[in-house]
Protein chains: 4
Amino acid sequence: MSVTMDGTKQQRRGNTRQRIQDVALELFAEQGYEKTSLREIAERLDVTKAALYYHFKTKEEILVSVFEDLTRPIEDLIEWGKGQPHTLETKQEIVRRYHQALTDAEPLFRFMQENQATVRELRIGDTFKDRMRGLRNIIIDPDAALTDQIRCISALFTLHAGMFVMQDVEGDPQQKREAVLEVAVDLVTQAHRGTHPA
Amino acid sequence: MSVTMDGTKQQRRGNTRQRIQDVALELFAEQGYEKTSLREIAERLDVTKAALYYHFKTKEEILVSVFEDLTRPIEDLIEWGKGQPHTLETKQEIVRRYHQALTDAEPLFRFMQENQATVRELRIGDTFKDRMRGLRNIIIDPDAALTDQIRCISALFTLHAGMFVMQDVEGDPQQKREAVLEVAVDLVTQAHRGTHPA
Amino acid sequence: MSVTMDGTKQQRRGNTRQRIQDVALELFAEQGYEKTSLREIAERLDVTKAALYYHFKTKEEILVSVFEDLTRPIEDLIEWGKGQPHTLETKQEIVRRYHQALTDAEPLFRFMQENQATVRELRIGDTFKDRMRGLRNIIIDPDAALTDQIRCISALFTLHAGMFVMQDVEGDPQQKREAVLEVAVDLVTQAHRGTHPA
Amino acid sequence: MSVTMDGTKQQRRGNTRQRIQDVALELFAEQGYEKTSLREIAERLDVTKAALYYHFKTKEEILVSVFEDLTRPIEDLIEWGKGQPHTLETKQEIVRRYHQALTDAEPLFRFMQENQATVRELRIGDTFKDRMRGLRNIIIDPDAALTDQIRCISALFTLHAGMFVMQDVEGDPQQKREAVLEVAVDLVTQAHRGTHPA
DNA sequence: TATGAATGAGCTTTCATTCAT
DNA sequence: CATGAATGAAAGCTCATTCAT
């Protein structure tokens, strides 16, 4: 059991499940899924491996639960987008909100980005692919030129990459985030204008 | 051991090293680095695990050797770019040649893309980061607006993503590749024009 | 928790102990003792593992209690047999009643038959061995020929085996049971006649 | 590595596979399959658990290999029996030879007898059942009375039981074995005579 | 009369690696 | 140029059991 500096046992009141999710995500994002062992997670939490299995049936289930909890906003976003007319404004709003969603759950998406091979084999892989397809269907016009379709995909990828790769570009993080968003919005706008000339 | 239909052992004429690299890359790209075991590689080649160790000191070294062999063109490209004036034409040429290099070594770059977490911890991680930085230094003007810098990075990412993610966009592969290139070139061009108005 | 169709909790009126025994025996007989986990038993009953420990001190104790409850008739039978003269009629009656006892507690005896290695290490192992010895002492004449002693043991084993192995012999179950009994009685009779010629 | 009393390392010349089989069978027979861990087997042999996995793919495979090696004679016996006319002499010979086969591979059959629940779930379960059926088909006349059919099955069971249960019957082991065989032969003979009256 | 939360010991299995031959 | 045989470390997972509530 966890012992604080004054020697008393830490109360855990039933937040252990949440703590497992937090630590797991942190380690998964830091080292990758396969390189993170349950032993490591347990040690950080000062519980035994078996305790993890009280709360989750498998290692994969820990990840799935984190994924489901943190990607609900994106699910909602897609639902919202489906109900809107596919105007330029909608598309821009999608990009903006998606950018926000990525920012809010940054560690998870860094993990997804950096562990694609792993994710692909896991249960969340398909779910995620479906989501991305859903997003694309909203911002891409099916009869747009190939280049314009790619501009839209590129916009999404710019948002993704923006989260992590830009780390070694100099500049204020907040400003960088805004610039990333601007470029993405611009790409979607170009694509829309290409297909629907004024 | 591999036995042909007439019962004789297959000739391998000292190309085993090459065959190991080929199979390893194939499996790494398909399943990820950690999920690919040396046993698996050895079995596919019909040799023992120990044989792998005759040709390579460690598992990581197999990957390193593949990486070094296949990314030499990119190293050369950067060397070439450094010696050129940073004109729009140079930048466009860099994007074009980089696109070609990615296409030529597709499996390796798919692997790099999908196993970033793993690659980061490995020896090739730093090398790769350096290369990317090298490329960026050529196509990015240091005094460009933040958005234009990001457009350049986005161009590179579009090329990367273009290789793999576009798979489930419909269209002729060759055409798609060209469209991807066009978008990337366009991004770099926009960035350049933004910084050097006619 | 178990919830009936009208949403009320199932009444269990303090029969949980009995239900544990029932389910445990069922699973032990079906899958073996070691392969049956307390989790499994608890899940089937829709209680927690800890609940099992309220009613029984250990896993072994569950088995012991089942064994004791279900083998009392056999204990009584031996007691009765000991008080009888060791005539042919007594022996035949023992065989008949033992057969009946086995039939009445079939799952338990199938379990005993199929998990001898486990039972041997458990507390009930010795008890059971003692019982068998008790039975043998009644139907075997100590000065009988070795073959006749074996015929008696064989009679008991025929009864045991009859319960389970005969499953894949075709025929009406009831008839098969009677035939098994007949063969066992016959063996004991032969043994008796061999030792006490008319 | 194994160290002898004079401190020299023991040569193992490639008999390790055999030694694994021997020790495994010994422990399986002594304690049961599930209660015998690979750690235990490895320790007795003074090798690591991983060494076991060099020679066998799984724990079950160790058992399977032992089973296959040791029951070949019985397979042969059945093959032989199938080719013979189903006379009384053949049946008696089958019983005799089966008795011999059981004696030769006693530990394996004690294991099978005492771990039926386990064996049933394992790959060898079906194989064994098939063998027993094969044997029965030879010694049982399909148009025999139910009791006579049971006598034949009882004969086989007497042989099985004879191996292990008779341990606590007093008498010279060799003599006991012969008596067991006699009873079994007698049962088959009675069954035959019941169906084919002189 | 039970549950929620956890533990410690152990399991089977896999892996990268080594080395004498 | 390669194999056969093995190792040490670790992994994911399960189990019987405990105990405060």
Side-chain angles (χ1 to χ4, degrees), chain A residues 1-2 9 12-17 34-42 45-62, chain B residues 1 9 12-17 34-42 45-62, chain C residues 1 12-17 34-42 45-62, chain D residues 1-2 12-17 34-42 45-62:
Chain A
M1 297 206 196
S2 125
K9 297 252 180 108
R12 278 204 292 268
R13 290 202 313 256
N15 57 349
T16 302
R17 195 189 143 93
E34 350 252 355
K35 299 251 293 250
T36 302
S37 70
L38 296 184
R39 180 182 50 71
E40 228 174 332
I41 297 175
L45 289 167
D46 213 358
V47 296
T48 59
K49 271 180 295 168
L52 306 185
Y53 280 92
Y54 176 76
H55 293 281
F56 299 94
K57 266 208 287 291
T58 62
K59 182 184 181 184
E60 183 172 350
E61 242 224 354
I62 299 180
Chain B
M1 294 193 206
K9 290 227 193 139
R12 283 205 282 272
R13 304 196 303 261
N15 59 350
T16 301
R17 194 188 142 92
E34 349 253 355
K35 298 247 296 244
T36 302
S37 68
L38 295 185
R39 181 180 51 69
E40 228 174 332
I41 297 175
L45 289 168
D46 218 357
V47 297
T48 59
K49 272 185 291 171
L52 305 184
Y53 279 88
Y54 176 81
H55 294 281
F56 299 95
K57 266 211 288 291
T58 65
K59 183 185 181 184
E60 184 172 352
E61 244 227 351
I62 299 180
Chain C
M1 295 197 203
R12 283 206 282 271
R13 304 197 304 259
N15 58 349
T16 301
R17 195 188 140 93
E34 349 252 356
K35 298 249 294 249
T36 301
S37 68
L38 295 185
R39 180 180 51 68
E40 228 174 331
I41 297 174
L45 289 168
D46 218 354
V47 296
T48 60
K49 272 184 291 171
L52 305 184
Y53 278 89
Y54 177 80
H55 294 281
F56 300 94
K57 265 211 291 289
T58 64
K59 182 184 182 186
E60 184 172 351
E61 243 226 351
I62 299 179
Chain D
M1 300 207 195
S2 116
R12 279 204 290 270
R13 289 204 312 257
N15 57 348
T16 303
R17 195 188 143 94
E34 351 250 357
K35 298 251 293 253
T36 301
S37 69
L38 296 183
R39 180 183 51 70
E40 227 174 332
I41 298 175
L45 289 167
D46 214 0
V47 296
T48 60
K49 274 179 292 168
L52 305 185
Y53 279 90
Y54 176 77
H55 294 281
F56 300 94
K57 267 208 286 290
T58 62
K59 183 184 180 185
E60 183 171 351
E61 241 226 354
I62 300 180

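Remember, it's a predicted structure, so these values are computed and weren't measured experimentally.
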Q) So how far is it from D/Glu61 CD to D/His55 NE2, rounded to the nearest 0.5 Å? A) 12.5 Å
Q) Would you say E/dA2 has OP1 or OP2 under 4.0 Å from some side-chain N or O of C/Thr16? A) yes
Q) Does a side-chain N or O from A/Tyr54 land closer than 4.0 Å to OP1 or OP2 of E/dA5, or not? A) yes
(Q) For DNA chain E, report each stem as range with range, ordered by first number, or say none. Use Watson-Crick or G-U wobble pairs under 3.5 Å, at least 3 in a row. (A) E:2-21 with F:2-21
**Q.** Distance, nearest 0.5 Å, that separates OG1 of A/Thr48 from CG of A/Leu38
**A.** 11.0 Å
**Q.** Test salt bridge (Lys or Arg N to Asp or Glu O under 4.0 Å) applied to C/Lys35 - qualifying residues, sequence neighbours left out
**A.** D/Glu121
Q: Rounded off to whole Å, could you give me the CZ-to-P distance for the B/Arg17 and F/dA2 pair?
A: 13 Å
Q. How many angstroms lie between CZ in C/Arg17 and CD1 in C/Ile62, if you round to the nearest 0.5 Å?
A. 9.5 Å
Q: Check the distance between E/dT3's P and C/Leu45's CG and give it to me in whole angstrom.
A: 10 Å
Q. For D/His55 and F/dG4, is the shortest distance between a side-chain N/O and OP1 or OP2 below 4.0 Å?
A. no
Q.
Is it the case that the side chain of D/Lys49 and the backbone of D/Ser37 share a donor-acceptor pair, with hydrogens and angles ignored and the cut-off at 3.5 Å?
A. no
Between the protein and nucleotides 13-15 of chain E, list the N/O to N/O atom pairs that are separated by less than 3.5 angstrom.
from	atom 1	to	atom 2	distance (Å)
E/dT13	OP2	D/Tyr53	OH	2.5
E/dT13	OP2	D/Lys59	N	2.9
E/dT13	O5'	D/Tyr53	OH	3.1
E/dT13	O4	D/Lys49	NZ	3.4
E/dC15	OP2	B/Arg39	NE	3.4
E/dC15	OP2	B/Arg39	NH2	3.1

Q) Which sits closer to the 5' end of DNA chain F, D/Leu52 or B/Thr48, going by the nucleotide each is nearest to? A) B/Thr48
Q) Could you state the CG-C1' distance from B/Asn15 to F/dA2, rounded to the nearest angstrom? A) 14 Å
Q: To the nearest Å, give me how far apart CZ (D/Phe56) and P (E/dT12) are.
A: 15 Å
